[in-house]
Amino acid sequence: MNLSITATTPLIGAITLPGDKSLSHRAALFASMAEGTSTVQRFLVSGVTHAMLRSLTALGIEWKLEGDTLTVTGKGITGFNPPAESLNCGNSATTIRMLAGALAASGTPGVLDGSEGLRCRPMDRIIEPLAEMNVPLTSSNNCAPLTMTERNAATKLKATNYKLPVASAQVKSCLILAALDADGTTTLQEPGPSRDHTERMLSAMGAAITTEAPYTVKVEPLSKPLSPLDITLPGDISSAAFMLVAAAIVPGSELTIRDVGINPTRTGIIDVLREMGSEIIILNKRVSYGEQVGDITLKAAPLKAIEVSGDTVVRMIDEFPVFSIAATYAEGTTVVREAEELRHKESDRITILCNELKKLGVELEEYQDGFAIKGGTIKGGECESHGDHRLAMSLTLAGLQSPNPVTVQNAEILNESFPEFATNLEKLGCRM
Ligand code: S3P
């Protein structure tokens, strides 16, 4: 599918978006590890969450999806059956890394695999710390496929004290899950504020997890079964980011997105759009099942260039493709530094992003750890998603105000995380 967008009028209106991807992954997996039946409303139904659900089926877990309500029958932390075939985690790094932790805790043998793209993502970041905990997980090249061999279920894993070299919620979550079956307290320290949904959700289910400054998590082994969930998930701020940037770059726009998750580990995109000049207010703030939620309203105003580095990078780690489009329409040169981790996402979101923007005429400079984008230089043209859902959606938005149309090839990959992308933009008056 090729995708192009035009906006002849400002984007005005109020929308509600599907549930958060990170929370949907966690809710499905943790529910399967609880004892009893969980209900998860506003579950994100998309390519990557189906990868998780498919893997849970292969592990002998029963679940039912009616609309966006997911019901899961959990069998406890050791309730997985060894899968008959390798688990197909599709394109989802969250699925493979969190399942590795769950299989470690349950002592279930199996092979974890996925798409060609997933096979290129680094897995040494989980293999090495899991090895310190005596988890028998191996790979021939530090990438998927990963093989978990059987271990004596009577022997607990070794509690560890581990410093993550890179802030990563996927790695942290994998190790937290393994630590639920360790022989003592596991301490994990990160160099930055990665999303803390795992800590919040597992604590709500009865796990003993505490957080301490700076960015340190302590996990006790489970002393009682996890309780099932009865939860309504908030909208995904990472999907909201596409709508917010779209409204930010079309003059006169005023957009409200209701019921969005505003966990502070995820709101870097709001901070940077505000700093660039967009007027953003968050109303109706509340806490729902341990997660902050609110209604976000953005009023378009001229955007100016900014610099982004440090903790803000972690707090908007998935938003750089769409942020680069805001930078393309800002006055001045926007600089991103200390963001080398972007090279390890669904695509190399530094080189590939820069190359695709260059195809559209954008003047930029690439750095090993980021990029600098000169605003006001876009011309339009054809570009390619490279199998990266966020690149597909971001590049599509590049066409909103470009002198010539932008066409994104192979854009159907956006169904991995945000199948309602086009319908929501159409609701706001865009033509797709
Ligand atoms: C995710 C964590 C992030 C993010 C990914 C989802 C999660 O990765 O990029 O899309 O659900 O834990 P890292 O925190 O591992 O960088």
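One-based numbering, in listed order, for ligands and for the atoms of each. Note that the numbering runs from 1 along the sequence shown for the chain. Predicted model only: the values in this text are computed from it and were never measured.
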Legend entry - Min N/O separation R26 to ligand 1 under 3.5 Å: yes
Inset, instruction - Looking only at distances, please establish whether an N/O atom of ligand 1 is found under 3.5 Å from an N/O atom of A169. - result: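 Min N/O separation from ligand 1 is below 3.5 Å for A169.
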What I want to find out is whether [X] reaches [Y] closely enough, with some N-O distance under 4.0 Å, to be called a salt bridge.
| X | Y | answer |
| --- | --- | --- |
| K345 | D388 | no |
| D113 | R119 | yes |
| D20 | R266 | yes |

Legend entry - Minimum-distance protein heavy atom relative to atom 10 (O) of ligand 1: D318 OD2, 2.8 Å
Legend entry - Which residue and heavy atom of the protein sit nearest atom 15 (O) of ligand 1, plus the separation: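 Closest protein heavy atom to atom 15 (O) of ligand 1: S168 OG, 2.6 Å.
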Legend entry - Crowding at NZ, K359 (>12 non-hydrogen neighbours, <6.0 Å):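 Correct, the count exceeds 12.
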For ligand 1, is any non-hydrogen atom under 4.0 Å from [X]'s backbone (N, CA, C, O), its side chain (CB onward), both, or neither?
| X | answer |
| --- | --- |
| K21 | side chain |
| R97 | neither |
| M98 | neither |

Legend entry - Proximal ligand 1 atoms for S22, defined as those under 4.0 Å from one of its heavy atoms: 1 (C), 6 (C), 7 (C), 11 (O)
Which donor-acceptor pairs under 3.5 Å do the side chains of residues 101-108 make with protein atoms, sequence neighbours left out?
from : atom 1 : to   : atom 2 : distance (Å)
S106 : OG     : A102 : O      : 3.3
S106 : OG     : L103 : O      : 3.3
S106 : OG     : T108 : N      : 3.4
S106 : OG     : T108 : OG1    : 2.5

Inset, instruction - Pick whichever of Q170, K345, E341 has a heavy atom sitting closest to atom 16 (O) of ligand 1. - result: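 Comparing heavy atoms across Q170, K345, E341, the nearest one to atom 16 (O) of ligand 1 lies in K345.
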Inset, instruction - Could I get the full list of salt bridge (Lys or Arg N to Asp or Glu O under 4.0 Å) partners for D311, not counting sequence neighbours? - result: none
Legend entry - K172 touching ligand 1 at heavy-atom level, < 4.0 angstrom: no
Legend entry - Heavy atom of R195, distance to ligand 1 below 4.0 Å: yes
Inset, instruction - Measure across V406 and C383 and return the closest heavy-atom pair with its distance rounded to 0.1 Å. - result: CG1-SG, 4.1 Å
Legend entry - Any P18 side-chain heavy atom under 4.5 Å of F418 side chain: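 Yes, their side chains come closer than 4.5 Å.
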